[in-house]
Number of protein chains: 2
Amino acid sequence: MGRKPTGRPTSFDIAYAAGVSQPTVSRALRGDKSVSEKTREKIRQIAQDLNYTVDKNASSLRSQRSNTIALLFFEDPTPDQSMINPFFLGMLGSITRACANRGLDLLISFQQMEDDWHVQYQDSHRADGLILLGYGDYTLYRERLDQLEEQGTHFARWGSVSMDSSGATVGTDNVQAGRLAGEHLISKGRKGIAFLGHAGEQYPEFAGRYSGLCEALKSAGIASDKSLQYDAITTEEAGYAAAKALVESGQSFDAVFAASDLIAIGAMRALAEAGKRVPGDVAVVGFDDIPAASLTTPPLTTIMQDVRGAGEALVETLLAQVEGRDLPPRKLPGKLIVRGSTGG
Amino acid sequence: MGRKPTGRPTSFDIAYAAGVSQPTVSRALRGDKSVSEKTREKIRQIAQDLNYTVDKNASSLRSQRSNTIALLFFEDPTPDQSMINPFFLGMLGSITRACANRGLDLLISFQQMEDDWHVQYQDSHRADGLILLGYGDYTLYRERLDQLEEQGTHFARWGSVSMDSSGATVGTDNVQAGRLAGEHLISKGRKGIAFLGHAGEQYPEFAGRYSGLCEALKSAGIASDKSLQYDAITTEEAGYAAAKALVESGQSFDAVFAASDLIAIGAMRALAEAGKRVPGDVAVVGFDDIPAASLTTPPLTTIMQDVRGAGEALVETLLAQVEGRDLPPRKLPGKLIVRGSTGG
DNA sequence: TTTCACAATGTGAACGTTCACTGTTGTTTT
DNA sequence: AAAACAACAGTGAACGTTCACATTGTGAAA
């Protein structure tokens, strides 16, 4: 179980074996065109035989580029232990893939809002840039974002695109997606559509979804009723509470558009307890299409965000920024997934 | 959006400002006792004022220690895109936390079985060690593990502890957990207990769970019936297929112990389609306690693995190995979570 | 033939730390 | 009072690359 007695080989060893100078080895392995095809191939072969790999630390130190990006998750101070929003976990997968495709390494870290994450990674040269992921109260981290920007840190974030953009942003077109949900419910003959989710500017994504819903209602000539909007952050508990409040208010409604699947799942629980049948009495639409959405009874109709596209877009946007060309913010369309909770 | 015109400060700048030599700065910031309390504090203060952080690359290069570990997920060649086993995602969270507590950075990467992951990370000095995560056919990657070990790579893996251990291993005590599940079902009066999951040595974890079940049956004086064991890998589809085969076989059974929650969920779907009621006709127990387990109807009774403990144990074991002291393999107990699928 | 350009490699330094020593002081021991 | 020893700080080198520039050889243009 001990370590190899002999140290691992360096580029000098390869150089010696190949009968060239050490920098030539470096050039060859990077695929530099100024090394002849022949020597390049020879060096590659020797490197492989000797089991040599470039030392990333030395490389990064000298070139001032780590080919690594850091992924920072953050949520409101997590109440319980480690219940991470499943949607972001899907995102993690797609970002990982996007990085792998480009030969980038990915550092990951979960952050509490209070931490001073804003200084750590890029400054210590661990990463060339940051990807920021997380719902939550926008106003809370707005300040940090500005600070990042001021520091000249490269970052891309997932979130609401519509806000006066702080840095490079990629997000779902929440208004379009909200409209999609609204139109679907309306097409099912529903008119009293409640919205569960914050609609204030602290939660611009939710607000976008709500205004999309309102647009759909308006287009259909239905008056939207502000009293049918109930605040909820993105947890199952919040959804349960909001739906319960809705039911107990005595207002009449025949559909619920939840700002996230977790909210929707909580809401369905509350509706069931209140004796409301889904979709008979109340149709329910969620948002995100998390894995659990297809496992509820009835299965949840929801808006799927383009997770795969998002990962690609985030990495691409960040990379562009690192290389000095800023890309415009990008909105990805949502897609309606029809399941049982709206009557199939 | 441009970069700071002036380069970021180095330890020399701090040294100059503090009126000491540069290595003293390095020592002070590492908390070296050989720097007097006074100067240490002074240097800390100046560093903070100047917004200085230690360059991780230089530090790692010189000290030959990256304070980073790499987390490698791998599964059987993923059929569809990025459906990652939710259980491992929970694990990711706990490992992240365990790393953060120790000031370690975490690199993550998803691997196809075919890739040559076994050489990459530690050799290039990106990471001090590897954590390997993934179910799957053991025989498939067994060879790679041996290779890693031979290379002197430090790694810890999550998996079956009982096998002739390749390297440092942490895992759930599958036999104990299986017994727990069996005892619970027996206490509910069930006697015809089917097991859905591979029981061969390619899947030692599943096999352990099965033998735990058999132990429980034996202790209760019930003969275990090998024909009630159906192979299934850990997906919802596999669970569906296995349960369907079970039903169609015409054998009588009144309980199902699934080797994973996904299998259980698939099985419940098949049972529902076959007109069997859960838990009335058939009680169901899963394994893992993934988030979706509490959202099914009825909610799924399951065995919870100690995810938090696992993350801690893996990181600790790995760290020990890096520091030259090998820790023995570790088994963590499973915990029964009783929900509706076994009658509450 | 001379000249210039270009392709291919070599040379020396630099990236920003940490390591192993060497010097200082000032305090204790005998 | 000399010797011994801490406690603290400084000096020079080293980690393994990549960079900027200098050097060589070769063939085409003059």
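Lettering follows sequence order; numbering is per chain, from 1. The figures here come from the full heavy-atom set of this structure, side chains too, leaving out hydrogens, waters and symmetry mates.
Looking only at atom types and distance, the side chain of A/Glu205 has no donor-acceptor partner in the side chain of A/Ser160 under 3.5 Å away.
Comparing D/dA9, D/dT17, C/dT17 against the side chain of B/Thr10 picks out C/dT17 as the nearest. Comparing C/dT17, C/dG10, D/dA9 against the side chain of A/Ser21 picks out C/dG10 as the nearest. With D/dA9, C/dG12, D/dT17 as the candidates, the nucleotide lying closest to the side chain of A/Val54 is D/dT17. Of the candidate nucleotides C/dG16, C/dT17, D/dT17, C/dG16 has the atom lying nearest to any side-chain atom of B/Leu61. Closest contact between the side chain of B/Gln22 and the listed nucleotides C/dT17, C/dA8, C/dC19 involves C/dT17. Nearest to the side-chain atoms of A/Tyr52 among the listed nucleotides C/dG10, D/dT17, D/dG12 stands D/dT17. Checking D/dA9, C/dG16, C/dT9 against every side-chain atom of B/Thr24, the shortest atom distance belongs to D/dA9.
Heavy atoms of B/Arg30 sit under 4.0 angstrom from primed sugar atoms or phosphate atoms, though from no base atom. Within 4.0 Å (heavy atoms only), A/Ser34 reaches at least one base atom of the nucleic acid. Counting non-hydrogen atoms under 4.0 angstrom, B/Lys33 reaches the backbone sugars and phosphates but no base. A/Ser60 comes within 4.0 angstrom of nothing in the nucleic acid, heavy atoms only. Across all strands shown, A/Ser59 has heavy atoms under 4.0 Å from sugar-phosphate atoms exclusively, and none from any base.
Here the C1' atom of nucleotide D/dG16 and the CG atom of A/Leu50 are 16 Å apart, to the nearest Å. Separating the CG atom of A/Asp32 from the P atom of C/dT9 is a distance of 11 Å, rounded to the nearest angstrom. A straight line from CG of B/Leu29 to C1' of C/dT17 spans 11 Å, rounded to a whole angstrom. One can place CG of A/Asn57 at 17 Å from C1' of C/dA14, the figure rounded to the nearest angstrom.
In this structure, B/Gln64 does not reach the C/dT17 phosphate: none of its side-chain N or O atoms is under 4.0 Å from OP1 or OP2. The phosphate of D/dC19 has neither OP1 nor OP2 within less than 4.0 Å of any side-chain N or O from A/Ser63.
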Worked check of salt bridge (charged side-chain N to carboxylate O under 4.0 Å, His left out) between B/Arg102 and B/Glu312: CA-CA 10 Å; B/Arg102 293 169 171 76; B/Glu312 280 291 331; 3.1 Å; yes

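A side chain to side chain donor-acceptor pair (under 3.5 Å) with A/Arg126 is found for one member of B/Asn57, B/Thr68, B/Asp55 and no other, namely B/Thr68.
Within a 6.0 Å sphere centred on CD of A/Gln45, other residues, nucleotides and ligands contribute more than 12 heavy atoms.
With DNA chain D read from its 5' end, the first of the two nearest nucleotides for A/Asp55 and B/Pro23 is the one closest to B/Pro23.
No donor-acceptor contact under 3.5 Å links the side chain of B/Arg62 to the base of D/dG16. Contact annotation: side chain of A/Arg27 to base of C/dG10, donor-acceptor pair present below 3.5 Å.
A salt bridge links B/Glu316 with B/Arg330: the distance from a Lys NZ or Arg NE/NH1/NH2 to an Asp or Glu carboxylate oxygen falls below 4.0 Å.
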